[in-house]
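Here is the structure we will look at, set down as structure tokens.
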Amino acid sequence: MARFYLENGKVAAFIGHLQQQKTVYAPHRKGRNAFAFAPVDRPQDVVLDYPRTVSSIKRYFLPPREELLSFNLVENTCEQPVVAPLDAVFLGVHSYDVHAVLKLDHNFVSGNPERNYLTRRQGALIVGVGFTPDRFHFSGSVGVPAGDTTGCDLFLHPCEGGYALEALTPDGEGLVAGFPLPAHTAGLPAAAPFHQHIYVPQAKLKDVLAHGYDSEVWEEEAEKCTSCGTCNLVCPTCYCFDVEDAVDITVTRGSRERRWDGCLLRSFTEVAGGEVFREEPAARQRHRVFRKFKYISDETGEPWCVGCGRCTASCTAGISIVSIVNRLVNDHDAVKA
Amino acid sequence: MTKRELITPAATKDLYLPVMAEITDVRSMTPLEKLFEIRLPGGAELGHRPGQFVEVSLFGVGEAPISISSSPTRKGAFELGIRKVGMLTEMIHRMQPGERIGIRGPFGSGFDMAKFKGRDVLVVAGGIGLVPLRSLINYVLDNRGDFGRLIICYGSKSDADLLFEDERRLWERDPRVEFHLTVDRGSPGWQGRTGVITTLIPGLDLDLPNTLACVCGPPVMYRFVLLALKSKRLPEENIYMSLERRMKCGVGKCGHCQINGSYVCQDGPVYHYPDIKALREAL
Amino acid sequence: MANKPRVGIFDFTGCEGCELNQLNFEDQLLDILEHVEIVEWREAMDGRAESLDIAFVEGALSTPDCIKRIHEIRRKSKVLVALGACAVQGGINALKNIRPIEQVREEVYGQDKYLFPTLPALPLSAVVKVDVNIRGCPMTQLEFLKVFTALVMGKAPVEPGNAVCTECKLKDNECVYEKGMICLGPVTRAGCDAQCPTFGQYCTGCRGLVPEPNVEAMEEILVAHGLSMDDARKKLQMFNANQLEGVS
């Protein structure tokens, strides 16, 4: 499909063009040093060159808090709120976050397909953007180069003076239509290198993790860990949730709400009566990593980690998933060599 | 990668919407356990297998997984044996016939009764583990000709905690049932056997290759029952176990019930032992 | 509702800020009064009640008289709710517990110290059975309403056990550490909707430590972010002196 040249000076106008068609969500500055996706108000506030957002675009398909039911306590009845489709463009998404959405698609289509997620996700268009890996990104090690366009409708390859805008689907072409742009004929610049790597081919990870089940690394990392759950909650492929009922002050109405949850939290496996099935922090640390590299991966053949580096960058204790996996690789190779 | 055309809500069901069902009878079994009889709107059948569970909900309080205690052979209503252990179950205990609660399900694997045809069935139930296994027991009794011997080993903390008194007395007298009972500690005057449940197993006379064991009880029990069954030389592939975890959504999404990579609400709670043998978090 | 629950509100050693926060329920105060009858409240009315369905108790126990009164309140109340950090953990008052009590007495009362008997500042739960905790300094209206509606429904409220970080992440907040500040969110109980980090402050730990807290790991985090070990301990002690010293 076509490739256009979008010079820096035209980016804001192009965002304006997208806004005329759909709601546009894009990265913005948040706080002092952070970035977050937000609906675009003024195109000039959009930041396309950013390291990573606090959380991924997952929050628009699987909101952090969501009403599953509203109920009436007097009548003892309930109803499901109507979930509206998102008629939206997600602009400036890094390749690893697009891959993360594709993985969530798998989780919400498989088994019992879930209406709430699929309703929002259906029809959402994605405009990817290349990125320069920082000291936490390692998506190259899990099969997601910075310039990977999988799952995108359009992709912005950073190049001299602007972007090579690549149309990848008819929907993507439709978004560009009516915004005159010259063709981009030069080659694409080489992708910037990653500074973090998992040193093992993906095919071998299955063995490495099976071998690492009883590794000392779990206990060692658990000693540093406060079990705050941040690593789960910022992960773009985590989708576990908890459900809680709340009632309003009149005690006549209320809602059943789900919210993001995480397997690193002690309460995660607690049942009525107080038994906690994954009581040891080390066991929870292992479960988190195995969820990313083994359990779903054994079924699908792909790592369920996309290498965004959020869990590591956000961990105040400095626990690194790359270090953990590389340690397992080393231990495995040392024994099997 | 999931095909784009699959990303559609068209084929989805109401995963989280409970059906409002009526409590038609409440029987107190012990100070902690009650048996609730529940009728779906229009007397619809729940359509469950023995060993499955439902999510029971009370608006404003929450939702919890509860094992189905009645056999699908008993029509028109189903039964839930509920122990008072938390906020939700405490509130349910206060409910009376005529009141309505929310039901989702049935969920989970349950026992594949076709595989039990013609076989001897050994039930090993510890404490509240009898609640789900009662569904299986009554299924066997209602289709008695389809199965071989029915051997029930039931162990409880004390004689005051024993469940399903009326039925238990029937099983004790029923010549088609071999019923063995023990309590960890009997109160003064207890005439029956004393000792943990595993003490019942060595004395059993089993037709080994033909016997299928179904085990359910508190988490601590499984390893010991397994050892006892193994020392009887019961083949591993003849063992089924029903496990408890935090099945919050019941539909394989929320993640709470996972045992290693297995979702208990989808693959369990009834597992064929060889399938969970390698799952280190299972037992 | 025919029989409204009879409610009493009491205070011990504390700033009474939690009680004042109850009076601040401008939008919901009338709704609250729909459900209950307040029969004893020194801060807003006269008189004493014989028996209560719910007692909300603010403040830490720090004198022999406190101990006597809390037993009386417990005896006449069906449900006892500890209101705010002082009642739940001993609060800031408990800072005195990490120093010799005679020294504290002398510092505060000087030569009159013999007129003022004092005890280590204790949470209510150290002396009587507490049924429900409403945490925070001050308690948040959000959590008060949650507990209140639960009690009106006759159910036991669920106490949050996760860390404040979970609520921060749900709100997509920039991590306080990212801003170059320190924060006790990783070991502090959630339930406040991460109000302080959301509004540019850091978490001081007012809601108490999470169950099974990894205090050593938290200290290491604080030290790695520039605090001395001594300062790290002091940060943690501010609201949690009792819990760190093993007084529940």
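Every chain is numbered from 1, with letters handed out A, B, ... down the list of sequences.
- Only the backbone of B:Val61 has a heavy atom closer than 4.5 Å to any heavy atom of chain A.
- Using a 4.5 Å heavy-atom cut-off against chain A, the contacting residues of residues 260-269 of chain B are B:Asn260, B:Gly261, B:Tyr263, B:Gln266.
- Salt-bridge check for B:Arg280 with A:Asp214: passed, with a basic side-chain N closer than 4.0 Å to an acidic carboxylate O.
- Interface check for chain B: of the options A:Arg121, A:Lys294, A:His287, the most heavy-atom pairs under 4.5 Å are formed by A:His287.
- Between the A:Asp245 side chain and the B:Phe59 main chain, no donor and acceptor come within less than 3.5 Å of each other.
- With contacts defined as side-chain heavy-atom distances shorter than 4.5 Å, the pair A:Gln80/B:Asp14 qualifies.
- Heavy atoms closer than 4.5 Å to chain B are found nowhere in A:Cys263, neither backbone nor side chain.
- Taking 4.5 Å as the limit, some side-chain heavy atom of B:His256 sits within range of a side-chain heavy atom of A:Asp242.
- Your options are A:Asn116, A:Asp153, A:Val251, and the one with the most heavy-atom pairs under 4.5 Å with chain B is A:Asp153.
- Within residues 29-57 of chain B, the residues approaching chain A closer than 4.5 Å by heavy atoms are, in numerical order, B:Ser57.
- Classification of B:Arg4 and A:Asp105 as a salt-bridged pair fails, no side-chain N sitting under 4.0 Å from a carboxylate O.
- Proximity to chain B (any heavy atom under 4.5 Å) is shown, for A:Arg115, by both the backbone and the side chain.
- Heavy-atom distances place no part of B:Cys257 under 4.5 Å from chain A, backbone and side chain included.
- Within the 3.5 Å criterion, the main-chain N or O of B:Arg100 finds a donor-acceptor partner in the side chain of A:Asn76.
- In this structure, the portions of A:His106 lying under 4.5 Å from any heavy atom of chain B include both its backbone and its side chain.
- Chosen from B:Val251, B:Leu17, B:Leu88, B:Leu6, the residue pairing most often with chain A at heavy-atom distances under 4.5 Å is B:Leu17.
- In this structure, A:Arg278 CZ and B:Ile259 CD1 are separated by 9.0 Å, a value rounded to the nearest 0.5 Å.
- Closest of all the heavy-atom pairs between B:Lys253 and A:Glu114 is CE-CB, 4.3 Å.
- With contacts defined as side-chain heavy-atom distances shorter than 4.5 Å, the pair A:Val243/B:Cys249 does not qualify.
- Neither the backbone nor the side chain of B:Pro65 comes within contact range of chain A; no heavy atom of the residue lies under 4.5 Å from a heavy atom of that chain.
- To the nearest 0.5 angstrom, B:Met20 atom CE is 11.5 Å from A:Glu75 atom CD.
- For chain B, the nearby parts of A:Phe108 are the backbone and the side chain; heavy atoms of each come within less than 4.5 Å.
- Under a cut-off of 6.0 angstrom, the local environment of CZ in B:Arg94 is crowded, with over 12 non-hydrogen atoms contributed by other residues, nucleotides or ligands.
- Contact count against chain A (heavy-atom pairs under 4.5 Å) is highest for B:Pro219 among B:Pro219, B:Gly102, B:Gly252, B:Ala11.
- The contact between A:Asp171 and chain B is made entirely by side chain atoms (from C-beta outward), counting heavy-atom distances below 4.5 Å.
- Residue with the most contacts toward chain B among A:Cys78, A:Gly254, A:Ala246: A:Cys78 (heavy-atom pairs, distance under 4.5 Å).
- Between the CD atom in B:Gln258 and the CZ atom in A:Phe290 there is a gap of 12.5 Å [rounded to 0.5 Å].
- Contact count against chain A (heavy-atom pairs under 4.5 Å) is highest for B:Ile7 among B:Val85, B:Thr89, B:Leu15, B:Ile7.
- Between B:Gly255 and A:Cys240, the shortest heavy-atom distance links the atoms CA-SG, 3.6 Å.
- Side-chain atoms of B:Tyr16 and A:Arg258, non-hydrogen and from C-beta on, do get closer than 4.5 Å to each other.
- Residue A:Arg253 does not touch chain B at all, counting heavy-atom pairs closer than 4.5 Å.
- Minimum heavy-atom separation, B:Gly62 to A:Arg256: O-NH2, 3.4 Å.
- Against chain B, the residues from residues 267-277 of chain A that qualify, each with a non-hydrogen atom under 4.5 angstrom away, are A:Ser267, A:Phe268, A:Thr269, A:Glu270, A:Val271, A:Ala272, A:Gly273, A:Glu275, A:Phe277 in number order.
- In this structure, chain B has no heavy atom under 4.5 Å from any part of A:Arg120.
- Taking the side chain as every heavy atom from C-beta outward, A:Tyr239 and B:Cys254 never approach each other to under 4.5 Å.
- Most heavy-atom pairs under 4.5 Å with chain B, from the set A:Thr300, A:Val83, A:Thr77, A:Thr150: that is A:Thr77.
- At most 12 non-hydrogen atoms from other residues, nucleotides or ligands lie less than 6.0 angstrom from CZ of B:Phe224.
- With a 4.5 Å cut-off on non-hydrogen atoms, A:Ser255 does not touch chain B at all.
- B:Leu58 touches chain A through its backbone: at least one of N, CA, C or O sits under 4.5 Å from a heavy atom, while the side chain does not.
- Put simply, of B:Pro18, B:Gly60, B:Ala10, the one with the most heavy-atom pairs under 4.5 Å next to chain A is B:Gly60.
- By a heavy-atom distance cut of under 4.5 Å, A:Leu68, A:Leu69, A:Phe71, A:Leu73 are the residues of residues 63-73 of chain A near chain B, going up by number.
- For the set A:Val109, A:Val247, A:Asp298, the count of heavy-atom pairs under 4.5 angstrom toward chain B peaks at A:Val109.
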